[in-house]
Amino acid sequence: MTQTLEPTTAEAGTTDPQQRIDAWLAAFESALAARDIDQVTGMFATDSFWRDLVSFTWNLKTVEGREQIADMLTTRLADTDPRAFRSAEPATVEDDVASAFIEFETATGRGVGHLRLRPDAASGDDVAWTLLTTLQELKGHEEPSGATRVMGAVHGSDPDRRSWAEKRADEDATLGNTRAPYVLVIGGGQGGIALGARLRQLGVPSIVVDRHDRPGDQWRKRYKSLCLHDPVWYDHLPYLPFPANWPVFAPKDKIGDWLEFYTKVMEVPYWSKTTCLSADYDEQAQQWTVEIERDGEPMTLHPTQLVLATGMSGKANVPSFPGQDEFTGEQHHSSRHPGPDGYAGKKVVVIGANNSAHDICKALVENGIDTTMVQRSSTHIVRSDSLMEIGLGALYSEQAVESGMTTKKADLTFASLPYRIMHEFQIPLYDQIRERDKDFYDRLEAAGFDLDFGDDDSGLFMKYLRRGSGYYIDVGACDLVADGTIKLAHGDVDHLTEHSVVLADGTELDADVVVYATGYGSMNGWAADLMGQDVADRVGKVWGLGSETTKDPGPWEGEQRNMWKPTQQPGLWFHGGNLHQSRHYSLYLALQLKARYEGIPTPVYGLQDVHHLS
């Protein structure tokens, strides 16, 4: 969510940016080939960042500064054997920072990335400021696509005369029954489905399981007014982008239908009506024993790799308040909220003031229902139009597409900005948004709404990356808060009575219905439920960067904790996030799983330490 990615630097002369990129890459490759780590590290700025997604580290890892870069290369350079560095398209320059998408090869695969050069303040020579390297395919295990796509039809003599449908039926009958899946993906929302599609294309025997009746029910069964708050250009799934006439903000049922269609078209082995009961890891056999119930029938599976794709919004966080058992009305978490139908004439109190709370309150008051929102802590608000134009416009918009920005290039550009300094580029954008929408924010504050822009004023996406909560993308509810249509109360809940919610300051809110829009627990909680607390503690906190901001305790990790990469529990992986992250990071997770399936050595550099248990 950045509009510009290059800050102003000292004058570097008038050298053509392509010449600068080509010269640096040639010298970089020569130093790597000579295994001259001192020379390589000298080509980086003292405050540089090298972010690697699998290609060098078999991990998702950012190394910061020359010392960390040297340590990574000392461990990984010989095995990686990188070569053939080249720019993938013409370089660009902004404020003397030369930038280019790059391509390269390693001993095991082919990769792409992004490079930014800036002039060294002392010598004037170009040094790398940021380098992104990502693995895109494994040599000898490329996905069949384009010129290498499968034939489909049987031409000529073939001893296997089964039709496509017969082959699919036979596969469905054996996988999980007489043939164990190598990967079991628990959770069949957008994350699990995207990963299932990647693994399918890579030929890794896998099953995606989900408790719902149909793919997409995770969306269909939410409150009826739910729509995506991110625009369509940000939300494509792998291989199959949304059509050009798809709505900018897709309604939940349309997303549900797309996920079901996608699962079928991409031939994702998907078991619906399936509940996972427990999972135990056999250290000696290096495989899992997973007890499931499929459509009422008990089964046991023995995958080698287990992926929890239960999502950031999977495990409802239902608070416990005194008096809940005395309350005579209806209580439910926002994940179970049916919408406004059936609540006419009732008083509804919604506990929370983030995305779901605003959406639910808006739908209720628009149906004439008396609704009070209880704000327990400050909330970051950004108007959807402002976010699209200022925050996303350069990478994910119709204008970006028309200017030649593809989804892949946008993802790589965004991934190329290290988390350590990302907030520095977000702050000016949100300063601009605050100025643009000053009247909007003034009206909200005049109504008593408690606003924030994050601990360091860096706004929405940093809040999402750090804690996954505490914000609302406004699509209309805020005007209803500002004018009092949605009533606003403040403070922690002290207790419930038979007919009310009582706040810590004694304020009593009459209620027939209480909705707990109180967010979701850590994905680590799913591990505890399925595998036991000891496994969950071995993994530690899932999500967050270690920024030492609210709800993101340090130490600094530099990547999303335990997401899409190896964990301290062998054979256990976590996959989730929004549609953008499900699309982009599913590739790197799938390649790590494919390499292990094929027996390719995957020595992990920088396996994350455990600092927090939940």
Can you find a side-chain donor-acceptor pair between W573 and Q305 that sits under 3.5 Å? yes
Between W164 and E267, is any side-chain donor less than 3.5 angstrom from a side-chain acceptor? yes
Return yes when atom NZ of K167 has more than 12 non-hydrogen atoms of other residues, nucleotides or ligands closer than 6.0 Å, and no otherwise. yes
For the side chain of E166 and the backbone of S163, is there at least one donor-acceptor N/O pair under 3.5 Å apart? yes
With side-chain contact (heavy atoms from CB on, under 4.5 Å) as the criterion, how do L579 and L237 come out once you've worked through the C-alpha distance, each side chain's angles and the decisive distance to 0.1 Å? CA-CA 7 Å; L579 282 156; L237 290 179; 3.7 Å; yes
Under the salt bridge (Lys or Arg N to Asp or Glu O under 4.0 Å) test, residues paired with K61 that sit two or more places apart: none
Validation row: C227, V475 side chains within 4.5 angstrom (heavy atoms): no
Any luck finding a side-chain donor-acceptor pair between D359 and H229 under 3.5 Å? yes
Can you tell which of Y396, F242, Y262 makes a ring pair (Phe, Tyr, Trp, His ring centres under 6.0 Å) with H236? F242
What is the distance from atom CG of L589 to atom OG of S582, rounded to the nearest 0.5 Å? 10.5 Å
I'd like a table of donor-acceptor pairs (distance under 3.5 Å, sequence neighbours excluded) in which one partner is a side-chain atom from residues 272-279, with atom names and distances.
from	atom 1	to	atom 2	distance (Å)
S272	OG	D213	O	3.1
T274	OG1	S272	O	2.9

What are the two closest non-hydrogen atoms of P238 and S586, and how far apart are they? CG-OG, 3.9 Å
Is a side-chain N or O of S206 found less than 3.5 angstrom from the main chain of V204, in a donor-acceptor match? yes
With ring-ring contact (aromatic ring centres under 6.0 Å, His included) as the test, would you mind laying out the steps for Y516 and H333 before giving the verdict? CA-CA 5 Å; Y516 299 108; H333 188 264; 7.9 Å; no
Hey, are E557 and R466 close enough for a salt bridge, meaning a charged N less than 4.0 Å from a carboxylate O? no
Side chains of T134 and Q136: donor-acceptor distance under 3.5 Å anywhere? yes
Would you check if the side chain of H584 reaches a backbone N or O of H580 as a donor-acceptor pair within less than 3.5 Å? no
Could you tell me whether the side chains of Q569 and Y281 share a donor-acceptor contact shorter than 3.5 Å? no
When you measure from the side chain of K224 to the backbone N and O of G339, does any donor-acceptor pair fall under 3.5 Å? no
Would a 4.5 Å heavy-atom cut-off, applied to side chains only, mark Y239 and R200 as touching? no
Looking at G393, is its backbone amide N or carbonyl O close enough to the side chain of Q399 to form a donor-acceptor pair, meaning the two atoms are under 3.5 Å apart? no
Verdict with supporting geometry, L259 and Q190, side-chain contact (heavy atoms from CB on, under 4.5 Å): CA-CA 7 Å; L259 291 175; Q190 68 258 15; 4.2 Å; yes
Taking the cut-offs as 6.0 angstrom to the six-membered ring centre and 45 degrees off its axis, would you call R294 and W271 a cation-pi pair? yes
What are the two closest heavy atoms between A394 and A400, and how far apart are they? O-CB, 3.5 Å
With a 4.5 Å heavy-atom cut-off, do V209 and V185 have their side chains touching? no
Rounded to the nearest 0.5 Å, what separation is found between the CD1 atom of I292 and the CD1 atom of I207? 7.5 Å
Per the salt bridge (Lys or Arg N to Asp or Glu O under 4.0 Å) rule, what does the pair list look like for residues 331-340, sequence neighbours excluded? none
Could you tell me whether the side chain of S397 reaches within less than 4.5 Å of the side chain of Y234, counting heavy atoms only? no
Carboxylate-amine/guanidinium proximity below 4.0 Å for R211 and D217: no
Do M563 and M523 come within less than 4.5 Å of each other through their side chains, counting heavy atoms only? yes
Before you tell me yes or no, could you show the steps for V350 and V374 under side-chain contact (heavy atoms from CB on, under 4.5 Å), namely the whole-Å CA-CA distance, both residues' side-chain angles and the distance that decides it to 0.1 Å? CA-CA 6 Å; V350 178; V374 178; over 6 Å; no
Passes side-chain hydrogen bond (donor to acceptor under 3.5 Å, both in side chains), W564 versus H575? Steps please. CA-CA 5 Å; W564 314 295; H575 176 52; 3.2 Å; yes
Step-by-step side-chain contact (heavy atoms from CB on, under 4.5 Å) determination, M266 to F261: CA-CA 8 Å; M266 297 306 299; F261 157 79; over 6 Å; no
Minimum heavy-atom distance N524-G540, with the two atoms named: ND2-O, 2.7 Å
Is any side-chain heavy atom of L60 closer than 4.5 Å to a side-chain heavy atom of D52? no
Do L572 and R538 make a side-chain contact, defined as non-hydrogen atoms from C-beta onward lying under 4.5 Å apart? no
Any idea which heavy atoms bring W543 and G468 closest together, and the distance? NE1-N, 3.8 Å
What's the shortest heavy-atom distance between A528 and Q533, and which atoms? CB-OE1, 3.4 Å
What's the separation between atom NE2 in H212 and atom CZ in R214, rounded to the nearest 0.5 Å? 11.5 Å
With a 4.5 Å heavy-atom cut-off, do V542 and R561 have their side chains touching? no
Using a strict threshold of under 4.0 Å (side-chain N to carboxylate O), is an ion pair present between R168 and E171? yes
What's the spacing between D172 CG and T174 OG1 if we round to 0.5 Å? 8.0 Å
Any donor-acceptor pair under 3.5 Å linking the side chain of R596 with the backbone of L593? no
Rounded distance [0.5 Å steps], CG in L417 versus CG in L132: 10.5 Å
Is K139 atom NZ crowded by more than 12 heavy atoms from other residues, nucleotides or ligands, each under 6.0 Å away? yes
May I ask you to check whether F414 and F461 place their ring centers less than 6.0 Å from one another? yes
Pairs where residues 248-259 contributes a residue and the test side chain to side chain donor-acceptor pair (under 3.5 Å) is met, not counting sequence neighbours: R220-D257
Looking only at side-chain N and O atoms, does Y464 offer a donor or acceptor that is under 3.5 Å from a partner on Q581? yes
Give a yes or no on whether a salt bridge exists between E366 and K362, defined as a side-chain N under 4.0 angstrom from a carboxylate O. yes
Counting N and O atoms only, with roles assigned by atom type, does the side chain of Q286 sit under 3.5 Å from a partner on the main chain of P570, one being a donor and the other an acceptor? no
Test salt bridge (Lys or Arg N to Asp or Glu O under 4.0 Å) applied to E330 - qualifying residues, sequence neighbours left out: none
Considering all heavy atoms, the nearest T567-N562 contact: CG2-OD1, 3.5 Å
Inter- and intrachain pairs under salt bridge (Lys or Arg N to Asp or Glu O under 4.0 Å), touching residues 397-412, at least two apart: E89-K409, D411-R583
As an exercise, state the distance from NE2 of H337 to NE2 of H332, rounded to the nearest 0.5 Å. 5.0 Å
Establish, from distance only, whether the side-chain atoms of D210 and Q218 form a donor-acceptor pair under 3.5 Å. yes
Is E143 reaching over with its side chain to a backbone N or O of Q201, donor-acceptor style, under 3.5 angstrom? no
